[in-house]
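Every chain is numbered from 1, with letters handed out A, B, ... down the list of sequences.
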Amino acid sequence: MALKLYNYLTRELEPFEPVEEGHVYMYVCGPTVYDHSHLGHAKTYVAMDAVVRYFKYLGYKVRYVRNLTDVGHLLSSGEDRISRGARRERLDPMEVVDTYIKSFHDDMDALGVLRPNISPRAACHVPEIITWVQGLIEKGYAYEVNGNVYFSVAKVPEYGKLSHRNVDDMVAGARIDIRDEKRDPADFALWKSADPEHIMRWPSPWGEGYPGWHIECSVMASKYLGRTFDIHGGGLENMFPHNDCEIAQSEAYHDGDDAFAKYWILVGSLTVSSVKMSKSLGNFLTIKDALSLYSPEAIRYFILSGHYRGPVDFSRDAIQAAQRGIDRLHNTIRKLRRRIERTPPAGTAVLADVAGFKEYRDAFERAMNEDFNTAQALAALFEFAKEVNRTLDENDHLSMGTLSAMDKLFSELAGDVLGILPENLEERVGGETIEGLVSLLLDLRQEYRAAKEWSKADAIRSRLSELGIVLEDTAEGSSWHLA
RNA sequence: GGCGACGUAGCCAAGUGGUAAGGCAGGGCUCUGCAAAAGCCUUAUUCGUCGGUUCGAUUCCGACCGUCGCCUCCA
């Protein structure tokens, strides 16, 4: 079973063949840090996280680079987003940037999105960017006018090859705010001259200014991943113009056609009532707000229950269904781990059992190998959970070997690959004091139950339930967990 | 106008040229002092509409209807 992925460059499902054996070099367009992130961002980065985690599961050594855009881009008004944020909050622009970088990292950590190996900031790469812009001018791909430097799209016949557009078609009906100084309306800025009131600015051979939107990704990807690397990912909506511009610049700078990413994987948008969740439409839920309503695993499960390339439609009902679904999966694993605690360490796995479990791992891998079909992989996991529940219910004397084989499968697939198992499933309420108190109450209740004083036993259960502690009576005694 | 995506049960959502995964919700049953948890059974003769190709299409092709994305900062 070989991993296949859908390459937007060719629009085909292709077997994954790394540039360098055993390694994956991957770049993903990160956020512009000018506000708190919302669930739409979560979808892209959770999806890419599952991809990275699966590559690691397969044994690849991954170098994952995801940038942070902190140099600001132009609004239609000509205002810079970050400086506008700064003005609003009376802060230095870099103070705004740092605030939201921290916010972004907090959100991603909370969602269990593994940190990239490198999170380069555009502002820290202005010298390299200037070198690139100079290089592109020298090679004849770019020209300077009034302190602005533009990339000449006409010099690259292949421009638009990712989004499958050609410049002529676009110009026809587009409402582009054409700048007279551009030689071609489709030319895009590599370097922009800063107006006097513009706060974010750096000296350059063309006067004070700041980088254009697209150049940073080319420069940083090239710096950390090399001239040609394996995978470039990001949000589907950035395919044009951003990704196409990246390709044009990079290949021009490196004098080659195949001098950028080999595979392009793009993530479909999160929608709300079929409309894209976005800042400008105001139909967004921040990750922090979402996390106050739903568990991180529920959010991940919700996102991963659809294919990464397609849209996933957000609704209260849908994410609540996800919360209930993931809770049920957690229940199974909790029950399994309680059994493990009560089982003597000796004992080998029953071969027949373990062989049976393999079919679920195979189904999981088959799904993931087919362009990271997390929805189908999850189905395999739920079927395995059903099997585990049944096995646990029907057998009192499972060996430690069998039990830990089950736990291993959950830990690796649900935990390591999909990231939908919390670190501490068993002890989300920490503290020996609480553990001790609850266990005291359980003992007390058990005495009432033995004496058939049901109303007192039920009162303890319902009072605990009001405190968010759920009791479950089983043949081996009562257990509890947080609601 | 151009490029592109999607339309599958009450809801979310996979998928395949040979007769529809999984989750949630609903119904029945088992277990249980009662609950909870779990299990078993059950819920789409049907995959937007109409044509075509085929022995056979939800899956391929065409038209149409509907929804959405990008072409402008956007994950």
Ring geometry between H125(A) and Y224(A) (parallel below 30°, tilted from 30 to 60°, perpendicular above 60°): perpendicular
Could you tell me the separation between the [atom1] atom of [X] and the [atom2] atom of [N], rounded to a whole number of Å?
{"X": "I326(A)", "N": "A25(B)", "atom1": "CD1", "atom2": "P", "answer": "14 Å"}
{"X": "Q323(A)", "N": "C12(B)", "atom1": "CD", "atom2": "P", "answer": "19 Å"}
{"X": "E237(A)", "N": "G69(B)", "atom1": "CD", "atom2": "P", "answer": "11 Å"}

I'd like to know if R309(A) pairs up with D371(A) as an ion pair, taking the criterion as any Lys NZ or Arg NE/NH1/NH2 lying under 4.0 Å from an Asp or Glu carboxylate oxygen.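 Salt bridge between R309(A) and D371(A), a charged N being under 4.0 Å from a carboxylate O: yes.
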Could you check whether [X] gets within reach of a base, just the sugar-phosphate, or nothing at all, counting any heavy atom under 4.0 Å?
{"X": "K452(A)", "answer": "nothing"}
{"X": "H164(A)", "answer": "sugar-phosphate"}
{"X": "D313(A)", "answer": "sugar-phosphate"}
{"X": "K279(A)", "answer": "nothing"}
{"X": "V275(A)", "answer": "sugar-phosphate"}

U72(B) - base-pair partner by Watson-Crick or wobble geometry, distances under 3.5 Å: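 Paired with U72(B), as far as the under-3.5 Å criterion goes, is no nucleotide at all.
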Has the side chain of [X] got a donor or acceptor that lies under 3.5 Å from a partner of the other kind on the base of [N]?
{"X": "R328(A)", "N": "C24(B)", "answer": "no"}
{"X": "D393(A)", "N": "C31(B)", "answer": "no"}
{"X": "N373(A)", "N": "G15(B)", "answer": "no"}
{"X": "R390(A)", "N": "C40(B)", "answer": "no"}

Can R66(A) be said to sit on top of Y45(A)'s aromatic six-ring, NZ or CZ under 6.0 Å from centre and within 45° of the ring axis? yes
Are W454(A) and G33(B) stacked, counting the six-membered base ring, centres under 5.5 Å, planes under 30°? yes
Give me the distance, rounded to whole Å, that separates U54(B) from C60(B) when you measure between the C1' atoms they each carry. 10 Å
